[in-house]
Protein chains: 2
Amino acid sequence: MLGAMGEANPRGLRDEKKRVTRHNLRLAALRLVDERGLEGTTTEEIAQAAGVSPRTFFNYFPTKESALVGVDAELAEAMLAAIRERPAGEPPLTVMREVYLQFAEVTAADRDLWTLRIQVARANPSLLSQVFGNSTKWDRRVAEAIAQRTGRDHHTDPYPALVASVANAARRSAVHRWAISDSEAPLSEAIAAAFDLLAAGLPEPPDSPGTATERAGA
Amino acid sequence: MLGAMGEANPRGLRDEKKRVTRHNLRLAALRLVDERGLEGTTTEEIAQAAGVSPRTFFNYFPTKESALVGVDAELAEAMLAAIRERPAGEPPLTVMREVYLQFAEVTAADRDLWTLRIQVARANPSLLSQVFGNSTKWDRRVAEAIAQRTGRDHHTDPYPALVASVANAARRSAVHRWAISDSEAPLSEAIAAAFDLLAAGLPEPPDSPGTATERAGA
DNA sequence: GTCAGAACGTGCAGTGACTGCAAAAATATT
DNA sequence: AATATTTTTGCAGTCACTGCACGTTCTGAC
């Protein structure tokens with residue numbers, strides 16, 4: 001029944017089954033919503049497609065949407081650790097740039113799942129809001145990490161929160177662009193371009209540098 | 001019954017009543033949620049506190065949350081118009097800075113409402129996510145306005161979306177800081193400081209300039 | 001291998017957000 | 001005043017989501 005199961009078995013059969021069930025629910029949710037839309041899919045159908053009872057769905061995900069666009073807690077912690085481990089004295093904006101560039105490849109790794117996610121998210125805009133809405137907590141945690149790095153007090157000093165929210169906005173913008181783009185340009189390129197503009201004070205660039213379109217003249 | 005009604009009566013009694021009802025629902029929702037929390041307050045209670053039927057609540061707001069943190073459509077349109085009406089050739093970041101400064105005083109006008117909103121949003125983090133999620137649409141509209149101004153195509157050019165999301169993030173950060181601050185410093189000051197840093201490429205400032213704390217030494 | 005204990009899955013009943021529909025009430029128009 | 005239009009309201013219904021109790025499945029010790 002659990003045929004194509006990975007060889008890794010970290011903490012017994014029980015955890016492995018949970019992992020499989022979680023994955024089945026995610027996949028079933030994405031596929032069904034991709035076909036029938038968000039409103040046209042009930043949690044009951046998702047549960048049935050994944051081979052579990054309706055009640056069990058909510059043992060794995062708090063909301064229907066979280067099965068579709070839920071974030072990976074481990075990844076978030078890894079990013080925060082990366083922020084803290086950057087060389088002392090490095091400018092905060094550079095820190096964010098480098099960390100996001102570093103993790104861009106991780107994000108691009110399982111592009112299949114991401115592609116399906118993006119596809120579903122594009123068809124159901126409320127999901128995109130959901131994704132970005134969750135970023136408030138993220139902004140805050142990043143602000144704390146930056147404050148810690150720079151020896152500032154994020155309760156009284158507006159700078160860490162500003163850098164965090166602006167850097168995250170820049171990254172979101174780049175990821176969004178990359179996700180809806182047809183071109184095969186790597187995510188890291190879009191992120192680098194965004195942070196370059198940020199560091200320069202957002203001057204108006206000559207032309208769209210992130211797309212495949214090249215200027216005919218110059 | 002409609003005692004303290006403003007003197008403006010743009011389109012008859014009907015519209016005025018709707019305005020009052022909408023405001024009553026907003027206020028009732030904020031107060032009740034402030035007391036009992038988001039989960040501890042039902043739409044039925046909100047409707048009752050505002051003096052309308054439960055069904056009517058949903059004639060005014062699509063969700064319970066939107067009554068708490070929903071954006072004012074008129075204000076949004078006014079801001080977008082202001083963006084378009086800035087002098088041609090003005091750098092986009094400057095445009096955003098000036099428009100947000102211009103509207104800072106409007107925002108600060110009903111500080112009571114905003115303070116209550118922030119308070120409620122802080123106590124119920126899921127609302128913050130909601131706010132952030134809704135700002136996706138706003139980011140997009142600003143991006144379109146900037147693209148229009150600069151003669152760029154916001155479908156292929158990442159620049160307008162970047163400026164929009166980053167500028168909006170900076171404003172949100174400033175408003176948030178201002179809202180939770182005890183000091184009487186004007187909102188416009190916080191916004192101006194944030195945009196100054198943005199235009200300079202987010203260099204690390206000497207010390208917290210937005211707070212009342214002054215350095216003892218230098 | 002067996003047995004206790006914990007963790008997990010499942011059914012049941014319930015709350016509450018939200019919707020469509022049609023009748024009643026309020027308001028605008030002539 | 002009579003009529004047309006808009007708004008409010010009640011009603012019935014769907015569905016996301018929750019607590020609880022019970023059965024099932026795994027784990028660890030003997």
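Since the model is a prediction, treat every value here as computed from it, not as a measurement. Labels below follow one simple rule: chain letters A, B, ... track the order of the sequence lines, proteins then strands, and each chain is numbered from 1.
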Engineer: Using atom CZ of A:R55 as one end and atom P of D:dG19 as the other, report the distance to the nearest whole Å.
Structural biologist: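 A:R55 atom CZ is separated from D:dG19 atom P by 8 Å.
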
Engineer: From CZ of B:R22 over to P of D:dT7, roughly how many Å is that when rounded to an integer?
Structural biologist: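 Whole-Å distance recorded here is 11 Å.
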
Engineer: Looking at C:dT27, does its base get a donor-acceptor pair with the side chain of B:R14 below 3.5 Å?
Structural biologist: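 When only heavy-atom distances are counted, B:R14 does reach the base of C:dT27 through a donor-acceptor pair under 3.5 Å.
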
Engineer: Do the charged groups of B:E85 and B:R149 touch, with an N to O distance under 4.0 Å?
Structural biologist: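 Not counted as a salt bridge, because no side-chain N and carboxylate O are separated by less than 4.0 Å.
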
Engineer: To the nearest 10°, give me the bend of the helix from C:dG1-D:dC30 to C:dT30-D:dA1, comparing the axes of its five terminal pairs at either end.
Structural biologist: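 Result, rounded to 10 degrees: 30°.
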
Engineer: Check the distance between C:dC8's P and A:L25's CG and give it to me in whole angstrom.
Structural biologist: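 Nearest whole value for this atom pair: 15 Å.
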
Engineer: Is a side-chain N or O of B:N124 found less than 3.5 angstrom from the main chain of B:S126, in a donor-acceptor match?
Structural biologist: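 Not a single qualifying donor-acceptor pair exists.
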
Engineer: In whole Å, what is the span from the CG atom of B:D15 to the P atom of D:dT8?
Structural biologist: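 Going from B:D15 (CG) to D:dT8 (P), I get 11 Å.
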
Engineer: Can a side chain N or O of B:K17 be found less than 4.0 Å away from OP1 or OP2 on C:dT27?
Structural biologist: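 So the side chain of B:K17 is within the cut-off, an N or O lying under 4.0 Å from OP1 or OP2 of C:dT27.
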
Engineer: Tell me, which pairs form a salt bridge (charged side-chain N to carboxylate O under 4.0 Å, His left out) where one or both residues lie in residues 22-32 of chain B, sequence neighbours left out?
Structural biologist: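 Of all non-adjacent pairs touching residues 22-32 of chain B, none passes salt bridge (charged side-chain N to carboxylate O under 4.0 Å, His left out).
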
Engineer: Which pairs pass salt bridge (charged side-chain N to carboxylate O under 4.0 Å, His left out) with one or both residues in residues 44-54 of chain B, sequence neighbours excluded?
Structural biologist: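 Every salt bridge (charged side-chain N to carboxylate O under 4.0 Å, His left out) pair that includes a residue of residues 44-54 of chain B, provided the two are not neighbours, is B:R36-B:E45.
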
Engineer: With a 3.5 Å distance limit and no angle check, can you tell me whether B:K18 reaches the backbone of B:Y60 through a side-chain donor-acceptor pair?
Structural biologist: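 Not confirmed, B:K18 side chain does not pair with B:Y60 backbone.
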
Engineer: Determine whether B:L93 and B:L198 make a side-chain contact, defined as any pair of heavy atoms from C-beta on separated by less than 4.5 Å.
Structural biologist: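 A side-chain contact under 4.5 Å exists here.
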
Engineer: Please list, by residue number, the residues of residues 29-53 of chain A whose heavy atoms come closer than 4.0 Å to an atom of DNA chain C; answer none if no residue qualifies.
Structural biologist: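 Output list: A:V52, A:S53.
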
Engineer: Taking B:S165 for the side chain and B:A161 for the main chain, is one N or O donor matched with an acceptor at less than 3.5 Å?
Structural biologist: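 At least one qualifying donor-acceptor pair exists.
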
Engineer: Quick one: ring pair (Phe, Tyr, Trp, His ring centres under 6.0 Å) pairs with a partner in residues 19-57 of chain A, sequence neighbours left out?
Structural biologist: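 Sorted result for residues 19-57 of chain A: A:F57-A:F61.
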
Engineer: With the threshold set at under 4.0 Å for non-hydrogen atoms, list the residues of residues 56-66 of chain B touching DNA chain C in residue-number order.
Structural biologist: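 Contacting residues: B:F58, B:P62, B:T63, B:K64.
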
Engineer: Just by modelled atom types, is the A:T63 backbone N or O under 3.5 Å from a matching donor or acceptor in the A:S66 side chain?
Structural biologist: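 Between the backbone of A:T63 and the side chain of A:S66 there is a qualifying donor-acceptor contact (under 3.5 Å).
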
Engineer: Using atom types as modelled and distance alone, determine if a side-chain donor or acceptor of B:T94 lies under 3.5 Å from a backbone N or O of B:E90.
Structural biologist: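 The answer is no, because no donor-acceptor pair under 3.5 Å joins these two groups.
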
Engineer: Quick check: do B:V142 and B:M79 have side-chain heavy atoms less than 4.5 Å from each other?
Structural biologist: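 Sidechains of B:M79 and B:V142: no contact.
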
